[in-house]
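See structure below.
When reading the values below, keep in mind they use all heavy atoms of this one structure, side chains included, and skip hydrogens, waters and symmetry mates.
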Amino acid sequence: MTTISDKEGEALARLNENLAKMETLSQRLVAALAKHQPSDPALSGPEQDLFVRAGQAYWQEAMLHPARLIEQQFDYWGRTLRHYVEAQQAFLSGTLAAPEDPGPNDPRFANPLWQSNPYFNFVKQQYQRNAEAIEQALGAACDELEPGDAHRLRFFTQQIIDMMSPTNFLGTNPDALERAVETDGESLVKGLENLISDLEANNGDFAVRLADESAFEVGGNIATTPGEVVFRNHLFELIQYAPATEQVQETPVILFPPWINKFYILDLKEKNSLIRWITEQGFTLFLVSWVNPDASYRDIGLADYVEDGYLTAIREARAICGTEQVNAVGYCIAGTTLSLTLALLKARGETPVRSATLFTTLTDFSDQGEFQPFLQNDFVDGIGAEVEREGILKSSIMSRTFSFLRAGDLIYRPAIRSYMMGETPPAFDLLFWNGDGTNLPAKMTMDYLRGLCQQDRFAQDGFELLGHRLRLRDLDVPVCAIACETDHIAAWADSYRGVCAMGARSKTFILSQSGHIAGIVNPPSKKKYGHYTNGDMSLSAEDWRATAEFHEGSWWPRWGTWLKRRSGKKIPARTPGDSAHPSLGPAPGTYVKRVRPA
């Protein structure tokens with residue numbers, strides 16, 4: 001009779017205990033999933049229709065060119081059968097060695113067992129063969145579709161391929177299985193607890209938690225640059241930051257962050273805070289902290305954001321500082337709307353803005369880039385139905401859309417670590433901010449998606465706003481635009497094209513290395529990413545980049561020099577507010593601390 005040691009018995013007891021815990025947790029899991037509200041059919045229907053049309057195109061191709069598709073199918077069958085035979089031979093040889101693996105390197109398969117273990121190696125290679133076969137069939141279908149539909153089909157098919165990766169399933173993930181054995185099943189218990197916690201926090205909707213939220217406090221250990229809220233209305237709080245120098249430039253700076261995120265991406269830590277750095281360079285800095293709207297904001301549109309947001313903030317900053325003009329900065333969508341605001345001021349004959357700086361800003365949407373699958377009429381119609389019903393576009397919908405553009409980094413890897421490995425989400429401030437999104441008012445959502453993104457009116461025949469037809473060429477203040485080389489949200493070449501179309505006589509374009517966030521939040525002290533400059537903006541984007549000069553280090557000092565030339569003389573530093581603008585509370589204010597949306 002086989003006996004087990006005391007150590008093995010203890011391990012078995014722990015395993016049985018953890019399995020029992022999992023059975024209990026399963027009841028909570030069912031309860032959490034029961035809270036899930038089905039998504040609007042309008043949001044899922046377009047993709048279903050697209051795949052129907054793709055299937056029709058595939059079979060049409062089969063009828064027109066049967067030999068080509070039969071050859072592809074037999075090739076797939078042949079490689080699959082050979083792969084199975086090779087794996088069987090490896091098993092029968094007694095060596096338990098995996099067959100030759102000429103497949104491409106893939107970070108998902110970094111565990112040595114994917115190479116050495118015949119089971120995992122077989123699973124990996126077969127997955128890669130399946131993906132290749134799907135891509136070949138996709139190519140045949142796309143040949144018969146319109147370019148826009150083909151682009152969308154490739155995108156959604158890639159989502160399916162990524163979802164079916166063997167690393168996403170416990171039985172075919174050696175890392176998760178090894179961890180489960182090492183911990184006697186405890187990692188699976190913790191993973192299930194993490195999953196249930198995320199479902200309960202999101203009303204049954206799947207949204208993997210990216211960061212340990214308990215590790216951060218807005219205004220505590222992030223967003224700590226000192227300042228005061230000096231104005232507040234229904235759309236924003238205006239923060240004036242305390243001076244960090246004895247003298248400041250006369251013309252103040254006002255920074256407009258995007259309202260689809262919270263502003264503290266620019267003030268995470270002292271060492272990488274652009275907000276703190278600006279004050280340290282001797283500028284009086286104001287910042288707009290946007291409200292996180294609820295359904296009562298449903299009728300707030302772009303016109304309201306311009307009139308009650310931008311123009312009001314500029315007016316109040318000028319009043320506090322006693323200046324005729326400000327230097328304005330807009331980041332991403334806030335840069336787009338700043339550009340609309342400047343065109344409106346031109347139409348009104350007003351000049352309260354001395355210069356404009358645009359971070360990763362699109363003003364010409366003629367190329368929809370990676371967002372093309374989400375900007376077709378059927379999908380936008382679905383968004384329209386959603387916001388009409390809810391009054392807002394929930395932050396979770398936007399977050400999910402952005403996540404699918406980088407599904408490996410923002411969905412699958414975090415889910416594997418949290419749910420299959422049982423790890424606590426990392427204490428990473430950038431990911432904490434990424435999960436702290438904001439809602440969008442219904443009207444503003446559709447103004448932006450229809451008029452700007454889809455119809456490209458600002459760059460084309462004009463965008464109607466507040467009684468004026470606004471055109472990109474109307475923007476005539478000096479402009480400094482910073483784009484990012486690997487930006488997947490605002491492609492740098494698209495940003496460049498928009499700046500070239502502006503009517504400003506003075507235009508500066510800086511291309512930072514890295515992406516949408518890291519390329520902007522790039523302090524000089526890190527000496528991490530460099531940047532490119534080229535004074536000839538008559539060139540195409542490709543030629544501009546090919547002939548640009550590369551500079552080591554951050555673009556911040558270069559921009560600081562550009563800004564100082566447009567900021568007047570030095571004056572004694574200003575304390576926040578004045579008699580008409582008493583402090584309403586310390587920075588970072590109250591709007592940014594509103595409850596994190598589900």
I want to know whether Y305 and W290 have ring centres closer than 6.0 Å.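 They qualify: ring centres under 6.0 Å apart.
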Counting the benzene-type ring for Trp, do F365 and F458 have ring centres under 6.0 Å apart?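 Ring centres of F458 and F365 not closer than 6.0 Å.
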F231 and F236 aromatic ring geometry - parallel, tilted or perpendicular at 30°/60° bounds:
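Ring orientation, 0 to 90° scale: tilted.
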Flag yes if more than 12 heavy atoms outside [X] fall under 6.0 Å of its [atom1] atom; otherwise flag no.
X    : atom1 : value
E270 : CD    : no
K528 : NZ    : no
R505 : CZ    : no

Are the side chain of [X] and the backbone N or O of [Y] linked by a donor-acceptor pair below 3.5 Å?
X    : Y    : value
D198 : V208 : no
D543 : S538 : no
N194 : T424 : no
H531 : E552 : no

Nearest heavy-atom neighbours spanning [X] and [Y]:
X    : Y    : answer
R354 : R566 : CD-O, 3.1 Å
I416 : T167 : CD1-O, 3.3 Å
S289 : Y591 : O-CD2, 3.7 Å
A334 : F256 : CB-O, 3.1 Å

Report task. Please determine if K262 and D436 form a salt bridge, counting it only when a charged side-chain N lies under 4.0 Å from a carboxylate O. Result ->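 So K262 pairs with D436 through a salt bridge.
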| Below 4.5 Å, heavy atoms only, C-beta onward: do R154 and E135 meet side chain to side chain? |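 When only atoms from C-beta onward are counted, E135 and R154 do not touch, as no gap falls below 4.5 Å.
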*Are the side chains of C480 and I510 in touch, meaning some heavy atoms are under 4.5 Å apart?*
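Touching, per the 4.5 Å side-chain cut-off.
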Are T357 and W559 linked by a side-chain donor-acceptor pair shorter than 3.5 Å?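 W559 and T357 do have a side-chain donor-acceptor pair below 3.5 Å.
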query = Can you check side-chain contact (heavy atoms from CB on, under 4.5 Å) on W492 and W544, steps first, answer last?
reply = CA-CA 11 Å; W492 79 264; W544 185 96; 4.1 Å; yes
>> Does N261 form a side chain to side chain donor-acceptor pair (under 3.5 Å) with Y331? I'd like the steps, not just the answer.
In response: CA-CA 11 Å; N261 302 109; Y331 190 174; over 6 Å; no
message: Using the side-chain contact (heavy atoms from CB on, under 4.5 Å) definition, which of the options T284, T251, V248, V326 pairs with S567?
response: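 That would be T251; it is the only one of T284, T251, V248, V326 passing the side-chain contact (heavy atoms from CB on, under 4.5 Å) with S567.
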